*Asks:* 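Input: one structure, supplied below.
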Amino acid sequence: MSLFQAKFDTAIWEIVSSIPYGQVMSYGEVARAAGYPRHARMVSRAMSRSNKALPWHRVVKSDRTLAFPFDSKDYKTQKDHLLSEGAVLLKGKVIPPKKDTAEDLDALIWGPED
DNA sequence: CCCTTGACTATCT
DNA sequence: GAGATAGCCAAGG
């Protein structure tokens, strides 16, 4: 295992573990927060290398859609986890369950249909 | 080495 | 907003 992976993986795992219940971060945001800008594509690799239980389902693409193919099993698994945490998928985009701001209520009530 | 592969992104049309 | 395009960068063949 390369030295890069050793440090990179640890940094990534820490950030992913810090994502609050029901919330999400993009691969690029995680990479940046871990101190590795431009390494968005490495984030998924670091997560799949983890043997511990990581809330990987809280990591999505920069446009807030899921990274897996729509018909894949992984897509369904991730979606189920997010839904169970109170999030909602609108037009494929994850909407976190914050019900205390007018902005989010507007998104739920007036946002585009399915 | 050179080439290909991604659970990616920003920036054009 | 949906494609296309060009960067991105470690791994593995």
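Basis for what follows: all heavy atoms, side chains included, without hydrogens, waters or symmetry-related copies. Note that the structure is a prediction, hence the values are computed from the model and not measured. Lettering follows sequence order; numbering is per chain, from 1.
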*Asks:* Could you check which of C:dG1, B:dA7, B:dT9 has an atom nearest any side-chain atom of A:A40?
*Replies:* B:dT9
*Asks:* How far, in whole Å, is B:dA7 from C:dG7 if one measures between their P atoms?
*Replies:*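 Taking atom P in both C:dG7 and B:dA7, they lie 22 Å apart.
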*Asks:* Tell me the interatomic distance from A:L54, atom CG, to B:dA7, atom P, rounded to whole angstroms.
*Replies:*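 Checked: the CG to P distance equals 17 Å.
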*Asks:* Starting at atom CG of A:D63, determine the distance to atom C1' of B:dA7, rounded to an integer number of angstrom.
*Replies:*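 Atom CG in A:D63 sits about 13 Å away from atom C1' in B:dA7.
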*Asks:* What is the separation between atom NZ on A:K93 and atom C1' on C:dA2, rounded to the nearest whole Å?
*Replies:*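 Interatomic distance, NZ of A:K93 to C1' of C:dA2: 11 Å.
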*Asks:* Where do A:R64 and A:E29 land on the salt bridge (charged side-chain N to carboxylate O under 4.0 Å, His left out) test, with the steps shown first?
*Replies:* CA-CA 11 Å; A:R64 307 271 125 157; A:E29 288 169 341; 2.9 Å; yes
*Asks:* Between A:A67 and A:R32, which has a closest nucleotide on DNA chain B that is more 5'?
*Replies:* A:A67
*Asks:* Please give, in whole Å, the distance from B:dG6 P to A:F68 CZ?
*Replies:* 13 Å
*Asks:* Is the shortest side-chain heavy-atom distance between A:R58 and A:Y21 below 4.5 Å?
*Replies:*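 A side-chain contact exists here, since the closest heavy-atom pair is under 4.5 Å.
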*Asks:* What are the two closest heavy atoms between A:P97 and A:A87, and how far apart are they?
*Replies:*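 Taking A:P97 first and A:A87 second, the nearest heavy atoms are CD-CA, 4.0 Å.
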*Asks:* Taking the six-membered ring for Trp, are A:F8 and A:Y36 parallel (under 30°), tilted (30 to 60°) or perpendicular (over 60°)?
*Replies:* perpendicular
*Asks:* Could you give the CG-to-P distance, from A:D74 to B:dG6, as a whole number of Å?
*Replies:* 14 Å
*Asks:* Among A:Q78, A:E85, A:K79, find the one that has a side-chain hydrogen bond (donor to acceptor under 3.5 Å, both in side chains) with A:H57.
*Replies:*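 Among the candidates, only A:E85 passes.
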*Asks:* Between A:Y27 and A:K61, is a side-chain contact (heavy atoms from CB on, under 4.5 Å) present by the stated rule, with each step listed?
*Replies:* CA-CA 6 Å; A:Y27 294 86; A:K61 297 211 281 187; 4.3 Å; yes
*Asks:* Each nucleotide in nucleotides 7-13 of chain C should get exactly one letter: B, S or -. Can you fill that in based on protein heavy atoms under 4.0 Å?
*Replies:* BBBBS--
